[in-house]
> 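Before I ask anything, here is the structure I am working with.
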Amino acid sequence: MRVSLEWLREYVPINQPTPALAEALINAGLEVGAIEDLGAGMESVVVAELLSVAPHPSADRLSLCEVQAGGETRRVVCGARNMKAGDRVALAVPGARLPNGLEIRKSKIRGETSEGMLCSEQELKLAEKSAGILILPPDAPVGSPLAGYLGRDDVIFDIELTPNRADCLSHLGVAREVAALTGAALTVQDRTVPEAGEAVGAMTSVTIEDAGRCPRYAARVIRGVKVGPSPRWLASRLEKVGVRPINNVVDVTNYVLFELGQPLHAFDLAALAEGRIVVRCAREGESLVTLDGVERKLTADDLVIADANRPVALAGVMGGEATEVTAGTADILLESAYFAPLGIRRTAKRQGLKSEASHRFERGCDPEMVVRASDRAAGLLAELAAGQVASGVLDVYPSPVRRPEIRLRPERANALLGIDLPGDAMAEILRRLGIAVEIQGAEIVARVPSWRPDLAIEADLVEEIARLHGYDRIPTTLPRAPIQSPEAPPERRLEQTARELFTGFGFHEAITYRFVSPGWADRLGLTVDDPRRRNVRLRNPMREDQAAMRTSLIPGLLTAALANLRRDQTDVRLFEAGKVFFDSGEGNLPEERVALGAVLAGEGRPGFWGKGRAADFYDAKGPVEALLDRLAIRGARFQTEGLSPYLHPGLSASLRWEKERLGELGMLHPEVAAALELPDTLFLVDLDAPALLRAAAAGFPAFIPPPRFPAARRDLAVVVDESIESGELLEQIGLISEKEFREALRQIEVFDVYRGEGIPAGKKSVALRLSYRSDERTLTDAEVNVFQERVLTRLAKELGAALRT
Amino acid sequence: MIEALNAIRDEALRRLAELGADAPEAEIRDLRARYLGREGSLSVAMRGMGKLPASERPEIGRLANEVKGAIEEAFETAQGALAARERAQSLASERVDVTLPGRTPAIGRVHPLTQTAERATEIFVGLGFSVAEGPDVETDYNNFEALNIPRDHPARELQDTFYVADDIVLRTHTSPVQIRTMKQRKPPLRVIAPGTVYRRDDDVTHSPMFLQIEGFMVDEKVTFGDLKGVLTAFLQEMFDKGTRLRFRPSYFPFVEPGAEVDIECFLCRAKGCRVCKGTAWIEILGAGMIHPEVFRAVGYDPAACSGFAFGMGIERIAMLRYGVNDIRHFYENDQNFLEQF
């Protein structure tokens, strides 16, 4: 809402400087977003009379002008040609700094002295472009400041109003607020309507069929108007609040809207069938061409203004083309009404149509402003459009709108705010806001004025007291409260742990959009029954590639990896912890769970210089194992079965613990990689947080005393078939049942896998390091030799292993 | 015999001195052998001692030991000096290029939004708040109705909503966590709820998905002054101890009185700049006293309790803290961006 201070002054005296007024409004909740000084740069520009124009003696294109602005005569060199002696012009005197930044000095131009400049509209920023200098009307007062004459001696506040303050969507409304804040009295304007002739009731009638949606409708008739341009002062005020002047009739309705906050509409009376008004809901199949030229299909929920036959306006939203005021209009029916907010809002939303009128009606107008605004507009039409106002106003108001009586307990207000304000001080604050108050014992009974539909309960009045008292004057305190144990969801801790670990392994944390393209399921080749096809779909996505909630972190991570690779990042390491969503059927909220994911490509050991190596499966597996260790998950197994179709079947593993599937990791399938234009050596990690939490050992790790006797470490290299995984060797050793062996074996480590010279084709050598220890004594060589023999025997029998020689 | 021993000592010391400080180790070793070796002159002389009369033996023996000691000491000193020189030479030849990068495993960075949200959460936990969470996909009731935003309320326009079904939305704020928590638990409550929220908006300062932190406190006598106190403590910890705050009236349907909180622009120190748009203040969060209708919706008696609630955008705080000028950087996951934090 743009507010002109010059206009505002008509309703309230303003005695403080502009910045102080702005601050007072901001502190009262009317956020002054921008302050625009319209007269800036025009301080030294005056209205002058051109006395004579003569050619410049040494320049064909220039003229020598003599001007007079109340004082002495000045000589000014001018390059324009559109002026003649006797014209009123805009003179910038030396020292002026024009709105376009030009500084005016006394100077010599081609040998002739110039004591100022005659300005164009463009130079004064009154127009985007202009030809020649500004020629003012002949009655412009010579010597007076131009800004004042043009009505530019003004400051505009652009106020960002919250939706509850519909009452401030007018100059009168803001003036009320200023009066409440400063204690000044509102200026009462005496407006009488020069009524004449036949009574309005003889010329038209008003029928309200739906008084719930239209509680009040007032009609006036103004006859014999001369449609033409508005006078300068009115056009100027409209321009200042951002409205383009159209003609005097339309301008008057807009003017009253911005002055009093009441939307009005003028119909061409002759275009109304039977010259009468019916306020009703539209009938199925009816349509209306609105003023913006759009044909609108109406529903039974759209309130319309109709004449005897058809809808002529979308009530409270926009008028119709067929009954529009045109140059040929003579008689006007002026509508001033109060429409219920919800209905207007539904229609405006359904029709996708917003107007200054609907903006106000849907937030709540003042039902008691209806006749006053009608009178104001009628007076202006009589004055500016030579209209004859028919006697009386047809005011249909079957059941007056009542604002509530609110009981305010000052004690409660003080307790809520943390202040100690006496009850009568509160009553005084409310009174300044136009609220009628009565003190009844310990309570204040407040009757809310018709223009404040936002005040309905005690808390609303508490806010009014707080904001006029000043939020800054409420003392800052820290609450007294009992100590409580800081609870947090377990997923949060898991996310934090995973984040700590993965960043420690060189992964940057990514946050990707939780909505993705629904096409990912196909792109990743998910089977038709894959649960990850159970996407939650958005009804109104902004883009098709954000139309479904993700069921996996992988699409987002692949997208991020691709973007990084395209920016010439050769090493990609990204990690994400975030929710995934699974549809749970219609009417249910989806299942949401936290997933942990990572993507890895490029260098295997980034950060080390010298000869590098490409990332492989084990670079993805390492952080996962570290996480299992941190979470104290014991006995998790990496298996080659049960992989997603987008993973390489041989270079990937799923992760299981007991019956639980914890997730999977491995290389992106080369075909998927090729289709996505990704390198085929890209590794993924995808873990399920709830499963990890179920597998995580509860409580604290149990203490094991540090060893007192030395361990015997023995290496054992065995040659086995290529197809045998090292995990199988470890598993077989774990199955040796002899009690002494099981007690003594403390650790097995695979420390080398070798293929090549000395090893037959199709075989590999796996080197194991086994540690044996007793808690009672130092083991002898002979004992350890027996253990080693037992291992070799087992591996030879079960897996065909041979000792590497 | 006495003369002979003295002569051997003098000759040995002289010849050692003649070798000089830079003599190679082999020459020193050879020279030493000439006197102290099995066939060295001192050894030969000492073997001749057996032929001496018994009365002279003790004195000559003592002298011989003295001479031997003196020679040994001289050679040890010389060899020690030589070893020290060699060690120094060897150290001087062992050099690294100290300007080559160290072998640090590359350390990844925590996302700046996570860092900001975690820092904020940490401060509130320090103020005695617990952490709660709620679903991203919410009922229209929890997201709007229970928060005093009925259908067709103009305030819905401020939050253009993603719909999943008629009555299921992507939450437009973290405020539904208030409803869920209050329905489950009874006062006193001090809860903080960080989370992801969604609005149909996409430009330099708006992302269709963004992060918020909601906080609220309910007890018998919580005041607006307490709200000011908690937020002042939080914002001064988050930004700067000296940060000035401005509380001004505003409107959110689920609070009354409502407030918007500005911090003094820390970039221009209240002189006016691009970030604060010349106003010297930066809008940072919305807050207020919980609306009685919200208490009713969760089954609390508005006459028996009071509370405050506040909500803030994490991106906005992160943008201010790090000087990031486009919100979209946070969701592009460019490693060049991420590695800076």
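Below, chain A is the first sequence line, B the second, and so on; all start at residue 1. Here the structure is a predicted model, which means the values were calculated and not measured.
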> Side chain, backbone, both or neither: which part of P112(B) has a non-hydrogen atom closer than 4.5 Å to chain A?
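Neither the backbone nor the side chain of P112(B) comes within 4.5 Å of chain A.
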> Checking L245(B) against chain A: side chain, backbone, both or neither under 4.5 Å from a heavy atom?
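Neither part.
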> Let me know if E220(B) has heavy atoms under 4.5 Å from chain A in its side chain, its backbone, both or neither.
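When you check distances to chain A, no heavy atom of E220(B) falls under 4.5 Å.
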> Side-chain donor-acceptor pair under 3.5 Å between E603(A) and T570(A), yes or no?
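There is no such pair between these side chains.
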> For the side chain of E509(A) and the backbone of L574(A), is there at least one donor-acceptor N/O pair under 3.5 Å apart?
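Not confirmed, E509(A) side chain does not pair with L574(A) backbone.
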> Against chain A, label M209(B) side chain, backbone, both or neither, depending on which of its atoms sit under 4.5 Å from a heavy atom there.
both
> Under a 4.5 Å heavy-atom cut-off, does chain B meet the side chain of E586(A), its backbone, both or neither?
neither
> Checking heavy atoms, do the side chain of D201(B), its backbone, both or neither come under 4.5 Å from chain A?
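When you check distances to chain A, only backbone atoms of D201(B) fall under 4.5 Å.
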> Does the side chain to side chain donor-acceptor pair (under 3.5 Å) test come out yes or no for D301(A) and T347(A), once each step is laid out?
CA-CA 7 Å; D301(A) 189 49; T347(A) 294; 5.4 Å; no
> Among the options R165(A), R492(A), R412(A), K349(A), pick out the one with the most heavy-atom pairs lying under 4.5 Å from chain B.
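Most heavy-atom pairs within the cutoff with chain B belong to R492(A).
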> For the pair L113(B) and F210(B), evaluate side-chain contact (heavy atoms from CB on, under 4.5 Å) and give the outcome as yes or no after the intermediate values.
CA-CA 10 Å; L113(B) 292 179; F210(B) 59 103; over 6 Å; no
> I'd like to know whether I457(A) forms a side-chain contact (heavy atoms from CB on, under 4.5 Å) with H291(B), so could you lay out the CA-CA distance, the side-chain angles of the two residues, the decisive distance to 0.1 Å, and finally the verdict.
CA-CA 10 Å; I457(A) 60 170; H291(B) 198 285; 3.5 Å; yes
> Counting only non-hydrogen atoms closer than 4.5 Å, does A259(B) touch chain A with its backbone (N, CA, C, O), its side chain (CB onward), both, or neither?
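For A259(B), backbone and side chain are both near chain A.
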> Tell me whether the centres of the aromatic rings in F515(A) and F162(B) are closer together than 6.0 Å.
yes
> Tell me, for T232(B) versus chain A, whether the close heavy atoms (under 4.5 Å) come from the side chain, the backbone, both or neither.
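Just the side chain, heavy atoms under 4.5 Å.
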> Given a strict heavy-atom distance threshold of 4.5 Å, which part of E464(A) is in contact with chain B: side chain, backbone, both, or neither?
neither
> Contact part of L417(A) toward chain B, heavy-atom cut-off under 4.5 Å: side chain, backbone, both or neither?
both
> Examine F575(A) together with F505(A) and report whether their ring centres are nearer than 6.0 Å.
no
> How far apart are the C-alpha atoms of L189(B) and Q484(A), what are their side-chain angles, what is the distance that settles it, and do they pass the side-chain contact (heavy atoms from CB on, under 4.5 Å) test?
CA-CA 9 Å; L189(B) 291 175; Q484(A) 59 182 11; over 6 Å; no
> Of the listed residues (L338(B), V191(B), V137(B)), which shares the most heavy-atom pairs with chain A below a 4.5 Å separation?
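Looking at each option in turn, the highest pair count goes to V137(B).
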> Determine, for Y471(A) and K228(B), whether the Lys NZ or Arg CZ falls below 6.0 Å from the six-membered ring centre while staying within 45 degrees of the axis.
no
> Using heavy-atom distances under 4.5 Å, tell me whether R514(A) contacts chain B through its side chain, its backbone, both, or neither.
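When you check distances to chain B, atoms from both the backbone and side chain of R514(A) fall under 4.5 Å.
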> Consider ring-ring contact (aromatic ring centres under 6.0 Å, His included). Of F252(B), F124(B), F254(B), F234(B), which one does F310(B) pass it with?
F124(B)
> Is it the case that E576(A) and T512(A) place a side-chain donor and acceptor less than 3.5 Å from each other?
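Yes.
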> Contact part of T121(B) toward chain A, heavy-atom cut-off under 4.5 Å: side chain, backbone, both or neither?
side chain
> Please confirm whether the backbone N or O of F341(B) pairs with a side-chain atom of R109(B), one donor and one acceptor, at under 3.5 Å?
yes
> Kindly indicate, with the supporting measurements, whether the criterion side chain to side chain donor-acceptor pair (under 3.5 Å) is fulfilled by T243(B) and E264(B).
CA-CA 6 Å; T243(B) 303; E264(B) 190 178 36; over 6 Å; no
> Considering only heavy atoms, which portion of E118(B) lies under 4.5 Å from any heavy atom of chain A: side chain, backbone, both, or neither?
side chain
> Is it the backbone or the side chain of Q569(A) that comes under 4.5 Å from a heavy atom of chain B, or both, or neither?
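For Q569(A), the contact with chain B is made by the side chain alone.
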> Go through the atoms of V230(B) and report whether side chain, backbone, both or neither lie under 4.5 Å from a heavy atom of chain A.
both
> Checking E31(A) against chain B: side chain, backbone, both or neither under 4.5 Å from a heavy atom?
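For E31(A), the contact with chain B is made by the side chain alone.
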> When you check the side-chain N and O atoms of E591(A) and S584(A), is any donor under 3.5 Å from an acceptor?
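Not at all, the side chains of E591(A) and S584(A) share no donor-acceptor pair under 3.5 Å.
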> Between L170(B), L211(B), V169(B), which has the largest tally of heavy atom pairs under 4.5 Å with chain A?
L170(B)
> So which of G556(A), P479(A), G418(A), G33(A) has the largest heavy-atom pair count under 4.5 angstrom toward chain B?
P479(A)
> Non-hydrogen atoms of chain A under 4.5 Å away: do they reach the side chain of I107(B), the backbone, both or neither?
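Looking at I107(B), backbone and side chain both touch chain A.
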> Could you go through E315(B) and Y331(B), starting from their C-alpha distance and side-chain angles, then the distance that decides it, and tell me whether this counts as side chain to side chain donor-acceptor pair (under 3.5 Å)?
CA-CA 11 Å; E315(B) 282 78 358; Y331(B) 295 99; 2.4 Å; yes
> Please check if any side-chain donor atom of S207(B) sits under 3.5 Å from a side-chain acceptor atom of D202(B), or the reverse.
no
> Just give me the residue among P541(A), G504(A), A560(A) that pairs up with chain B most often, heavy atom to heavy atom, under 4.5 Å.
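Most heavy-atom pairs under 4.5 Å with chain B: P541(A).
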> Taking D136(B), V125(B), V110(B) one by one, which has the highest count of heavy-atom pairs under 4.5 Å against chain A?
D136(B)
> Using heavy-atom distances under 4.5 Å, tell me whether V572(A) contacts chain B through its side chain, its backbone, both, or neither.
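Interface part for V572(A): both.
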> If you apply the rule side-chain contact (heavy atoms from CB on, under 4.5 Å), what do you find for N142(B) with T139(B), and how did you get there?
CA-CA 5 Å; N142(B) 283 342; T139(B) 60; 3.4 Å; yes
> Is chain B contacted by the side chain of A510(A), its backbone, both, or neither, given a heavy-atom distance below 4.5 Å?
both
> Side chain, backbone, both or neither: which part of I35(A) has a non-hydrogen atom closer than 4.5 Å to chain B?
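Contact with chain B involves no heavy atom of I35(A) at all.
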> Given a strict heavy-atom distance threshold of 4.5 Å, which part of A481(A) is in contact with chain B: side chain, backbone, both, or neither?
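Both the backbone and the side chain of A481(A) come within 4.5 Å of chain B.
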> Which region of N164(A), side chain (C-beta onward) or backbone (N, CA, C, O), has a non-hydrogen atom less than 4.5 Å from a non-hydrogen atom of chain B, or is it both or neither?
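Answer is both: backbone and side chain atoms of N164(A) are under 4.5 Å from chain B.
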> Is N588(A) in contact with chain B via its backbone, its side chain, both, or neither, using a 4.5 Å heavy-atom distance?
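Only the backbone of N588(A) comes within 4.5 Å of chain B.
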> Just give me the residue among T162(A), T477(A), T476(A) that pairs up with chain B most often, heavy atom to heavy atom, under 4.5 Å.
T477(A)
> Check each atom of R246(B) against the heavy atoms of chain A and say whether the ones under 4.5 Å are side chain, backbone, both or neither.
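Side chain only.
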> A28(A), G587(A), A563(A): which one forms the most heavy-atom pairs within less than 4.5 Å of chain B?
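Among the listed options, the one with the most contacts to chain B is A28(A).
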> Cation-pi between R573(A) and F507(A): NZ/CZ under 6.0 Å from ring centre and within 45° of the ring axis?
yes
> Can you tell me which portion of F330(B) sits under 4.5 Å from chain A's heavy atoms? Options are side chain, backbone, both or neither.
backbone
> Name the region of P208(B), side chain, backbone, both or neither, that has any atom closer than 4.5 Å to a heavy atom of chain A.
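Answer is both: backbone and side chain atoms of P208(B) are under 4.5 Å from chain A.
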> Counting only heavy atoms closer than 4.5 Å, note whether F502(A) contacts chain B via side chain, backbone, both or neither.
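Contact with chain B involves no heavy atom of F502(A) at all.
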> For P475(A), is it the side chain, the backbone, both or neither that has a heavy atom under 4.5 Å from a heavy atom of chain B?
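Only the backbone of P475(A) comes within 4.5 Å of chain B.
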> Among G225(B), G307(B), A303(B), which residue forms the greatest number of heavy-atom pairs with chain A at distances under 4.5 Å?
G225(B)
